[in-house]
2 protein chains.
Amino acid sequence: MNEKILGVLGGMGPLASAHFMVRLTLLTPAATDQEHIPAVLWSDPRVPDRTAAKRGGPDPLPALLHGIAGLKAAGCGAIAIPCNTAHGWYDEMAAAAGVPVLHIVDASAAALREVTPKGGVVAVMGTAATLAMRLYQDRLEHSGWQVITPDADEMARLVSPGIALVKANKVAESYPLLAEMVTILAGRGAASVILGCTEIPLGIQAGPYKTLPIPLIDSIDSLASAAIAWARRGATGT
Amino acid sequence: MNEKILGVLGGMGPLASAHFMVRLTLLTPAATDQEHIPAVLWSDPRVPDRTAAKRGGPDPLPALLHGIAGLKAAGCGAIAIPCNTAHGWYDEMAAAAGVPVLHIVDASAAALREVTPKGGVVAVMGTAATLAMRLYQDRLEHSGWQVITPDADEMARLVSPGIALVKANKVAESYPLLAEMVTILAGRGAASVILGCTEIPLGIQAGPYKTLPIPLIDSIDSLASAAIAWARRGATGT
């Protein structure tokens with residue numbers, strides 16, 4: 001058992017990928033060390049900022065492909081990337097990987113189905129780049145959901161600062177901004193909200209998030225569940 | 001900056017090494033992703049049980065050296081091992097690594113100095129193998145501390161089950177066992193206690209540990225601090 005090694009392309013940010021490793025462990029049914037999933041985490045926080053790149057900043061792709069190559073060299077049989085925005089370079093990474101790359105939007109959609117039937121309204125919170133690239137909107141609308149997102153003012157006032165605070169290790173200060181955004185989206189008709197940036201669950205969980213009015217779909221946990229399902233399948237499965 | 005990559009030989013257990021990555025991140029002064037420490041975590045929970053090996057079980061050394069080789073191939077400039085018991089194979093790993101391997105006992109001793117002056121009495125909790133190998137006792141007594149440890153009955157009743165519960169993802173159930181042990185050691189004269197197994201801080205932190213009667217030295221945080229100090233030194237430093 002556990003012949004397969006999971007590769008994790010992380011560091012974007014480092015707290016999110018470390019937290020992903022914690023959640024991967026806690027969500028795995030296991031009674032001893034040896035029943036857990038072997039994994040290699042490539043945590044390179046020097047990857048140029050993904051959101052800035054979409055505005056003309058340095059290209060993160062070479063650093064992303066360097067990480068993919070490192071994980072392949074370590075013998076990984078699939079790769080998970082706990083950074084939503086990095087999925088803007090998914091096709092290039094998947095082509096280079098030669099092994100399955102688990103898509104965080106597909107993983108989140110699987111969790112979404114549990115709380116909001118297709119046809120319902122789901123909100124997505126993410127970085128400005130994730131939303132501008134329509135990483136979630138295109139895939140979810142294609143599957144039949146209606147998708148709403150924060151407007152530009154809300155992004156500038158609540159979501160982008162909330163994400164930046166987590167990246168600066170200030171998770172408690174991030175909570176009120178992100179919680180206000182969830183409440184606004186609920187008031188606008190969302191039946192649930194996808195936390196589509198891996199920093200957002202960390203900020204949300206630093207406060208009384210269980211009091212928020214609609215279910216939250218955690219893209220970190222969704223990706224961890226997809227990775228566990230991969231590890232549980234036969235050695236040749238994808 | 002941040003040219004150096006930290007290697008983390010983990011998976012022993014996987015929750016401890018994931019938590020080490022979280023603490024490494026949170027203890028690093030950083031305002032953006034790019035200011036964090038690049039790291040590769042080799043989390044192989046299949047490494048044969050270190051405590052069982054000291055009683056005649058399968059030898060973990062080949063798996064440990066395989067991990068060291070993987071971290072070297074990834075370009076790591078130093079290696080941290082968030083498993084105290086694995087330090088029973090420290091000399092063999094250090095010889096194979098060719099880069100500095102940070103010693104968790106030295107890291108914990110640095111933290112101990114902050115709370116208990118040399119000459120004082122410090123207790124050490126760890127696996128039966130860590131204590132039998134005298135990983136902490138020899139180094140700390142050599143530096144002038146007096147060291148006390150749980151007796152065989154306390155190991156069997158409190159410490160070993162507390163560690164096993166964390167490895168089985170039952171951290172809350174681990175707390176009362178480990179907390180009782182801390183209280184017993186305080187009653188026996190310990191001025192502080194080193195949590196010398198990386199599962200123990202996880203169990204202790206699942207309960208009201210701040211009410212315990214003596215300071216706790218967390219070997220995970222101590223090792224993370226040593227790694228951050230290494231990363232902050234010049235590129236050629238050890």
Side-chain angles (χ1 to χ4, degrees), chain A residues 1-3 5-6 8 10-50 52 58 63 66-67 69-71 73-76 83 164-171 199 202, chain B residues 1-3 5-6 8 10-50 52 58 63 66-67 69-71 73-75 83 163-171 199 202:
Chain A
M1 79 182 159
N2 285 352
E3 291 305 309
I5 302 170
L6 176 70
V8 182
M12 305 175 285
L15 190 58
S17 56
H19 184 70
F20 173 83
M21 298 304 294
V22 169
R23 297 300 297 162
L24 178 73
T25 307
L26 290 177
L27 292 171
T28 299
T32 65
D33 285 358
Q34 289 73 25
E35 292 170 29
H36 281 277
I37 299 169
V40 177
L41 165 63
W42 190 278
S43 180
D44 190 350
R46 300 167 301 181
V47 174
D49 188 87
R50 285 67 62 196
H66 180 67
L71 292 171
C76 297
C83 171
L165 284 165
V166 173
K167 287 184 184 291
N169 286 346
K170 295 177 180 169
V171 292
E199 271 69 35
L202 304 178
Chain B
M1 78 181 160
N2 285 352
E3 290 306 310
I5 302 171
L6 176 69
V8 182
M12 305 176 285
L15 190 59
S17 57
H19 184 69
F20 174 82
M21 298 304 295
V22 170
R23 296 301 297 163
L24 178 72
T25 308
L26 290 177
L27 292 171
T28 299
T32 66
D33 285 359
Q34 289 72 26
E35 291 170 29
H36 282 278
I37 298 169
V40 176
L41 165 63
W42 189 279
S43 179
D44 190 350
R46 300 167 302 180
V47 174
D49 187 86
R50 284 67 62 198
H66 180 66
L71 292 171
C83 172
I163 292 167
L165 285 166
V166 173
K167 288 184 182 291
N169 286 346
K170 295 177 181 168
V171 291
E199 271 68 34
L202 305 178

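Nothing here was measured: the structure is a model prediction, and the numbers come from that model. Order of the sequence lines fixes the chain letters, A, B, ..., with proteins taken first and strands second; residue numbering starts at 1 for each chain.
- Looking only at heavy-atom pairs under 4.5 Å with chain B, the residue among L24(A), L26(A), V8(A), T32(A) that has the most is L26(A).
- Atom CD in Q34(A) sits 6.0 Å away from atom CG in D49(B) (nearest 0.5 Å).
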For V22(B) and L15(A): C-alpha separation, side-chain torsions, deciding distance, then whether side chain to side chain contact (heavy atoms under 4.5 Å, CB included) applies.
CA-CA 6 Å; V22(B) 170; L15(A) 190 58; 4.0 Å; yes
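- Nearest approach of P45(B) to P38(A), heavy atoms of both residues: CD-CA, 3.5 Å.
- Between the side chain of N169(B) and the main chain of L27(A), no donor-acceptor pair closer than 3.5 Å is present.
- Ranked by non-hydrogen atom pairs under 4.5 Å with chain B, the options M21(A), K167(A), R23(A) are led by K167(A).
- For the set G70(A), A18(A), A73(A), A30(A), the count of heavy-atom pairs under 4.5 angstrom toward chain B peaks at A18(A).
- Side-chain contact between P14(A) and D33(B) is present, with heavy atoms from C-beta onward closer than 4.5 Å.
- For a residue to count as touching a neighbouring chain, one of its non-hydrogen atoms must lie under 4.5 Å from one of that chain's; by this rule P29(B) does not touch chain A.
- Interface remark: A74(B) contributes backbone and side-chain atoms alike to the contact with chain A (heavy atom separation under 4.5 Å).
- Residues A168(A) and A31(B) come closest through the heavy atom pair CB-O, 3.6 Å.
- Neither the backbone nor the side chain of S17(B) has a heavy atom closer than 4.5 Å to any heavy atom of chain A.
- Between the CZ atom of R46(A) and the CD atom of E35(B) there is a distance of 14.0 Å, given to the nearest 0.5 Å.
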